[in-house]
Amino acid sequence: MKLTVCLLASEAAPLSKTGGLADVSAALTKYLSSAGHDVRLFTPLYRSIDRRKLAARPIDGLQEFEVGVGSHRYVFSVLLAQLPDSTAPVYLVDCPALFERGTLYTVDADEHLRFLAFTRAVFISCQRMQWAPQILHCNDWHTAFGPLFLQALYATDPLFAGTRSLLTIHNIGYQGVFASTAIDDLGLGPKNYLLHQDDLRAGRINPLRHGILYADAITTVSPTHAREICTDEYGMGLQDSLRARGSALSGILNGVDYDEWDPRNDRYLPQHYDPDSIGIKAELKRDFLARMKFEVDPSVPLGGIVSRLASQKGIELMFESLPQVLAWRDFALVVLGSGDPQYEQFFTQLQADFPGRVVFRQGYDDELSHWIEAASDLFLMPSRYEPCGLNQMYSLRYGTVPIVRRTGGLADSVEHYNPDTGLGTGVVFNDFNTEALEWALNTALDLYAAPTHWARMVRNGMRRDFSWNRQGGKYVDLYERILA
Ligand code: ADP
Ligand code: GLC
């Protein structure tokens, strides 16, 4: 069955990206489009997006229309473009007053309004195009009011009579909470009773919670994380609402866009490789070590990190374990990331303490992130929680052994290597503490010193397939189930 799917996402790669949501919204759109569905991805036209380079064109009937949120009025226009290197349509929602800012996300007082207005603008765009989506697929807190708006504000419009909603939670750590004094900004009027009353009494409104309460189905980005978020340990205060919706909640592991992330065709690499030409990886590593001014022999194992530097990512586990392991073992490390100043400070200091062996690049750099995947031997992701995680799956493809904690999508995509059976794709540890990470690092370095095991583990990983052809089909199955 050909489906009409309206996808709402606050970021879409390569146009706008702070993390994995961007990769996933773009790749899922491309998958659905190539599978013949009428999918339309709506995303804000941020200042950093170059509309000319995209050849974005204004859509008739969607120019300079007004969107009211509470007492606020904004003027919106919508432009149509194609996701780069594909024919998948992306609808760029333009509102300079809201999206011409220095960063995608802000701590400005109107942050909630930016995305409430965006969500409302998408409904109005559908109405003006007279386009009836069967599926309204919202992502994360930014668009999580979609399902409630559908029910409370648009139910009377026959256009949406057949529309069912899905909320995908990519990161439960960000819920978009704002003060209940802004209640009128929702524009729900007499339907305010539909809001979560306990939260209101406590003085707050939680967008993500309303997505959980009102979506026809809820997914998160791995089966393990779907179970985790129903627990007190991982639910981040939303576990009760999630448990209440239990049967509507499921996990679908993210796919990997192998057009973007595959050493066979990586646009940033001067040479390409696959499991049968793994020698090229060693050549790329040699070039990389020289370019980054490492002072180590190319035979020394190189660890890589590419990450938002946030507490989610388990950086504090490295505070003691990395200096220890670097002091005792032959090991080099390259880190790319930015975020929390205390973590940036830690890596700056580590680089100073181990000159020529640790290189830290503060910032965001697409090209370098691909090089790190290709040139490293190991990749570190000791996350506190990880809904899915993409870099461990990229690493597998690049023959870069992931060291991960057994949580969320890391648990679902990496199997601990067993030297007795020769099965497994990485090093997996359980406990969230320094000793466990140190154990994992040492275990990985021991395996690196045993070339037969290492080659086997690398090969096992490179053979794994996380393509969207598989994972995308699971979304289509779910869409069909909620429509049935
Ligand atoms: P999250 O969404 O929690 O940040 P994921 O592993 O799902 O984690 O996705 C992170 C994505 O962002 C990956 O594509 C990764 O390569 C990219 N990324 C993260 N930090 C940087 C950075 N500093 N420079 C370039 N890419 C980055
Ligand atoms: C999030 C999660 C990450 C996931 C990504 C895309 O930000 O932290 O684990 O892979 O979204 O779904």
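Predicted, not measured: the structure shown is a model, and the values here were computed from it. As the structure lists them, so they are numbered: ligands from 1, and atoms in each ligand from 1.
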Nearest neighbour in protein (non-hydrogen) for [atom]:
| atom | answer |
| --- | --- |
| atom 22 (C) of ligand 1 | Tyr364 CD1, 3.4 Å |
| atom 2 (O) of ligand 1 | Gly20 N, 2.6 Å |
| atom 3 (C) of ligand 2 | Glu386 OE2, 3.3 Å |
| atom 5 (P) of ligand 1 | Leu390 N, 3.6 Å |
| atom 4 (C) of ligand 2 | Gly389 N, 3.6 Å |
| atom 7 (O) of ligand 2 | Asn171 ND2, 3.5 Å |

For [X], counting its heavy atoms only, list the atoms of ligand 1 lying under 4.0 Å from any of them.
| X | result |
| --- | --- |
| Gln312 | 3 (O) |
| Tyr394 | 14 (O) |
| Gly337 | 23 (N) |
| Ser307 | 20 (N) |
| Gly389 | 6 (O), 7 (O) |
| Asn391 | 6 (O), 10 (C), 13 (C), 15 (C), 16 (O) |

Heteroatom distance test (Val24, ligand 2): nitrogen or oxygen, under 3.5 angstrom:
no
Using every non-hydrogen atom in the two residues, find where His142 and Thr119 come nearest and quote the distance to one decimal.
O-OG1, 3.5 Å
Polar contacts were defined as any N/O atom of the residue lying under 3.5 Å from an N/O atom of the ligand; does this apply to Asp23 and ligand 1?
yes
State which residues pass ring-ring contact (aromatic ring centres under 6.0 Å, His included) with Tyr448; sequence neighbours excluded, sorted by chain then number.
Trp454
Please work out whether the ring planes of Tyr479 and Tyr475 are parallel, tilted or perpendicular, with thresholds of 30° and 60°.
tilted
When you compare the side chains of [X] and [Y], does any donor N or O come within less than 3.5 Å of an acceptor on the partner?
| X | Y | answer |
| --- | --- | --- |
| Asp185 | His112 | yes |
| His370 | Glu367 | no |
| Tyr105 | Glu11 | yes |
| Thr400 | Glu373 | no |
| Asn171 | Tyr385 | yes |

Should the proximity of Asp365 to ligand 1, defined as any heavy atom under 4.0 Å, be assigned to the side chain, the backbone, both, or neither?
backbone
Relative to ligand 1, is Pro387 under 4.0 angstrom through side chain, backbone, both or neither, heavy atoms considered?
neither
CD of Gln345 to CZ of Phe360: how many Å apart, nearest 0.5 Å?
9.5 Å
Gap between atom OG of Ser383 and atom CD1 of Ile315 - 0.5 Å precision
8.0 Å
Regarding [atom]: of the candidates [options], which has the closest heavy atom?
| atom | options | answer |
| --- | --- | --- |
| atom 6 (C) of ligand 2 | Asn254, Asp140, Leu253, Ile172 | Asn254 |
| atom 14 (O) of ligand 1 | Lys313, Lys17, Met393, Arg308 | Lys17 |
| atom 1 (C) of ligand 2 | His170, Gln312, Lys313 | His170 |
| atom 23 (N) of ligand 1 | Ser338, Gly363, Ala22 | Gly363 |

Can we call the ring centroids of Tyr394 and Trp261 under 6.0 Å apart?
yes
Partner residues of Glu438 under the side chain to side chain donor-acceptor pair (under 3.5 Å) criterion, sequence neighbours left out:
none
